[in-house]
Protein chains: 4
Amino acid sequence: MSLRERKTAKKKEDILRMSVSVLSEKGYDGTTMEEIASKLLMTKGSVYYYFKDKQDLLYQSHVMLLERSIENVEGVRHQELPVKAKLRRAMIVHIEYILVERSGFEMMIKPEQYFSSPQIETIFQLRDDYGICFDQLILEGIEADVFGSVDIKIVRNIILGAMNWVTQWYSDDGKKDKTEIAEDIADYLLHILIKT
Amino acid sequence: MSLRERKTAKKKEDILRMSVSVLSEKGYDGTTMEEIASKLLMTKGSVYYYFKDKQDLLYQSHVMLLERSIENVEGVRHQELPVKAKLRRAMIVHIEYILVERSGFEMMIKPEQYFSSPQIETIFQLRDDYGICFDQLILEGIEADVFGSVDIKIVRNIILGAMNWVTQWYSDDGKKDKTEIAEDIADYLLHILIKT
Amino acid sequence: MSLRERKTAKKKEDILRMSVSVLSEKGYDGTTMEEIASKLLMTKGSVYYYFKDKQDLLYQSHVMLLERSIENVEGVRHQELPVKAKLRRAMIVHIEYILVERSGFEMMIKPEQYFSSPQIETIFQLRDDYGICFDQLILEGIEADVFGSVDIKIVRNIILGAMNWVTQWYSDDGKKDKTEIAEDIADYLLHILIKT
Amino acid sequence: MSLRERKTAKKKEDILRMSVSVLSEKGYDGTTMEEIASKLLMTKGSVYYYFKDKQDLLYQSHVMLLERSIENVEGVRHQELPVKAKLRRAMIVHIEYILVERSGFEMMIKPEQYFSSPQIETIFQLRDDYGICFDQLILEGIEADVFGSVDIKIVRNIILGAMNWVTQWYSDDGKKDKTEIAEDIADYLLHILIKT
DNA sequence: TATGAATGAGTTTTCATTCAT
DNA sequence: GATGAATGAAAACTCATTCAT
């Protein structure tokens with residue numbers, strides 16, 4: 001990759017990162033291109049140099065977010081850890097990521113509303129991949145007879161829902177910090193799986 | 001209340017109900033007043049006769065939804081049932097309601113994005129009231145020594161998150177119907193609370 | 001005129017009076033039918049029973065105002081007074097009327113903007129009649145050799161302009177009351193006419 | 001100021017000028033943004049690029065008009081002329097300006113109707129400044145013992161009223177042209193001031 | 001007569017998008 | 001590559017007016 005290409009890629013990423021943050025604060029329609037641009041000290045026109053249209057920007061932001069999340073969890077999945085600890089870790093990482101970015105997962109809410117055919121498939125695919133990461137961690141536990149034989153799909157979604165909801169209620173000024181909250185949630189959720 | 005007044009109230013409710021449904025399908029910005037109106041075989045102007053503006057319509061829809069949810073759960077809370085069964089029932093009722101309204105619950109996600117000061121407080125109050133219903137059910141269980149002594153706030157939010165997330169993944173054409181899914185989720189979530 | 005007719009006429013006048021006052025405070029476009037109606041504790045519909053449309057209401061308000069003004073000045077014109085005192089009196093009456101109604105003459109400003117052919121002629125006719133009242137007072141003075149031989153049309157308009165402008169600057173909380181101001185203005189204006 | 005900036009400023013002024021003219025012909029509410037734009041061979045959108053909203057456009061038009069008027073009179077005030085001639089000149093200039101712009105002075109009538117707090121103060125300030133120009137010319141005359149010792153505030157307002165009213169009755173097809181009318185009015189008004 | 005409802009035409013306003021420079 | 005300008009389509013909202021009861 002030439003210097004030029006690298007510069008462009010970097011700029012694109014900057015835009016995406018900012019776009020994720022603005023988008024998740026104000027929502028897709030609440031955010032204007034003007035706004036994203038001006039937060040980056042650019043003009044609208046420039047943003048259009050890097051992205052085809054607003055759709056495209058939202059889409060790529062979305063994909064970036066999902067890919068990062070997957071990387072996070074995949075990272076954990078390949079660690080050498082007992083299965084229970086591994087799932088626990090994955091949950092903690094996910095929650096922390098959400099709380100740090102404080103963002104983005106709201107915009108995951110209704111992808112059908114904003115994307116259509118070629119894009120929506122990718123999104124769903126990534127979402128699914130993400131779910132599957134957890135499925136596999138659960139499956140591993142069941143096979144190791146550490147977890148009870150639950151309905152994986154349902155339990156996975158309970159876990160995802162409980163975790164993603166955290167942005168709705170967690171506040172920095174409570175007595176627990178992000179990590180403590182993440183640990184607590186993870187521990188409670190494990191109760192669903194642990195064999196007794 | 002006179003006949004006329006009752007008719008007006010009825011109309012308002014019709015509009016609210018439709019508005020909830022369109023709004024939750026297309027989102028706040030994706031929904032036009034035109035659309036809501038035409039689905040009710042009215043004209044925009046008529047809708048504006050009943051509601052000050054789009055904001056107002058959205059706000060009242062939202063409030064209606066929350067109030068109904070509270071009624072639902074309160075209804076369960078006053079039933080004569082063993083505490084565990086009661087919480088289970090409350091969860092099932094909540095999930096079924098969400099799935100039936102398939103519904104404005106997405107717009108519950110970021111109220112700050114759409115409402116401001118005088119309204120947002122009411123919304124948060126109602127949300128809180130709703131949460132407290134569950135808190136009390138949990139507390140009852142703890143006091144009856146049926147549930148372990150969990151951190152109520154965290155567990156309540158895990159439960160709410162897991163339940164609300166259901167709109168994201170449940171599909172009518174799976175092999176389980178709404179009630180079965182609701183029961184399954186409730187049962188799994190009870191594992192978090194049940195003393196072993 | 002039957003009782004019924006008299007009642008109707010009375011109601012019409014009430015509406016006109018209120019309409020003049022609202023109209024002159026908020027302007028033609030700034031005033032809604034709703035507003036006029038509600039100030040009279042009526043509904044829009046009722047107002048439409050008495051007046052064909054908003055146009056008509058404005059027009060008749062306008063005419064009422066002009067006719068009253070003419071009556072005022074005509075009243076003075078037929079008094080037995082020396083010509084100078086008579087003109088002075090007419091001016092005072094006019095200014096007081098304007099200040100008491102605190103109204104209406106602003107809406108005289110651009111009749112062409114609001115009225116068209118059949119109506120505009122009447123308005124102009126009345127306006128003219130009003131001007132002519134003053135013209136005749138001036139003429140009387142010239143013929144009596146009390147006033148210099150001025151260009152009547154110009155002087156009349158100077159006088160009208162100076163008088164009508166008073167709503168723009170007179171404030172009740174100054175040290176002079178309405179009558180004093182009216183007298184002062186009248187006296188100064190007479191300087192234009194008085195032979196030296 | 002760069003070329004670009006100058007171009008922008010020019011465009012803004014063009015819009016203002018056109019807006020003044022349309023506004024004064026049709027009144028605030030009678031004028032649509034569409035109309036202003038199309039007279040400038042622009043689209044509505046473009047006008048909004050330069051002005052925040054209709055309010056803003058009207059406001060700035062108004063201010064421009066007032067500022068120009070002040071400049072006009074100030075220009076005269078600093079000429080080397082005998083005081084009586086100077087006031088006469090100022091009046092003529094004012095009347096001519098009004099008749100040429102045939103314009104926006106109607107909207108001077110009820111600024112409270114269209115503007116509110118931050119704007120209205122500026123408007124009133126400018127109006128006042130304008131009045132003060134005349135006050136000073138009058139004062140000069142009194143001090144030079146050319147004018148009698150009149151109540152300046154009242155006389156100033158008589159003069160302004162008489163002059164501003166001219167748009168109501170002057171018609172190009174009469175036998176006198178704008179300048180002649182202006183001179184006549186000025187001369188008559190001087191009678192109020194001149195010592196005898 | 002009076003009125004609550006409904007209507008629709010008209011206006012303001014916003015914003016993603018394009019494009020010449 | 002970047003940007004200021006311009007555009008136009010879409011949406012919210014207003015209000016005079018009508019009409020059945």
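Reckoned from all heavy atoms, side chains included, excluding hydrogens, waters and symmetry mates. Keep in mind it's a predicted model, so treat the numbers as computed, not measured. Note on naming: letters A, B, ... go to the chains in the order of the sequence lines (proteins, then strands), and numbering restarts at 1 for each one.
- D:Lys54 forms no cation-pi arrangement with D:Tyr114, by the criterion of a distance under 6.0 Å to the ring centre and an angle within 45° of the ring axis.
- Checked options A:Lys12, A:Lys10, A:Lys11; the residue passing with A:Asp14 is A:Lys10 (criterion: salt bridge (Lys or Arg N to Asp or Glu O under 4.0 Å)).
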Give the table of side-chain donor-acceptor pairs shorter than 3.5 Å for residues 32-47 of chain B, with sequence neighbours excluded, one pair per line with atom names and distance.
| unit_1 | atom_1 | unit_2 | atom_2 | d |
| --- | --- | --- | --- | --- |
| B:Thr32 | OG1 | B:Glu35 | N | 3.0 |
| B:Glu35 | OE2 | B:Lys26 | NZ | 3.2 |
| B:Ser38 | OG | B:Glu35 | O | 3.4 |
| B:Thr43 | OG1 | B:Ser46 | OG | 3.1 |

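- Put simply, A:Arg4 has a side-chain N or O that comes within less than 4.0 Å of OP1 or OP2 on F:dG1.
- Electrostatic pairing of A:Glu13 and A:Arg68 counts as a salt bridge here, judged by a charged N lying under 4.0 Å from a carboxylate O.
- Taking the six-membered ring for Trp and the full ring otherwise, the centers of B:Phe115 and B:His62 sit less than 6.0 Å from each other.
- Scanning DNA chain F for stems, defined as runs of 3 or more consecutive Watson-Crick or G-U wobble pairs whose donor-acceptor distances all fall under 3.5 Å, gives the following ranges: E:2-21 with F:2-21.
- Following rounding to the nearest Å, D:Tyr48 (OH) and F:dA9 (C1') show an atom-to-atom distance of 15 Å.
- Base contact: A:Lys44 has a heavy atom under 4.0 Å from a base atom.
- When the side-chain nitrogen and oxygen atoms of C:Lys7 are compared with OP1 and OP2 of E:dT1, none of them lie within a distance under 4.0 Å.
- To the nearest angstrom, P of E:dG4 lies 7 Å from OH of B:Tyr49.
- Among the atoms of the strands shown, only primed sugar atoms or phosphate atoms (P, OP1, OP2) are found under 4.0 Å from some heavy atom of A:Tyr50.
- Put simply, the side chain of D:Thr8 gets close to the backbone of D:Arg4: a donor and an acceptor are under 3.5 Å apart.
- To the nearest angstrom, P of E:dA2 lies 12 Å from CG of C:Leu40.
- At E:dA6, none of the side-chain N or O atoms of B:Ser46 fall inside 4.0 Å of OP1 or OP2 (strictly under the cut-off).
- Dashed line: the shortest gap from a side-chain N or O of A:Thr43 to OP1 or OP2 of F:dA5 is not under 4.0 Å.
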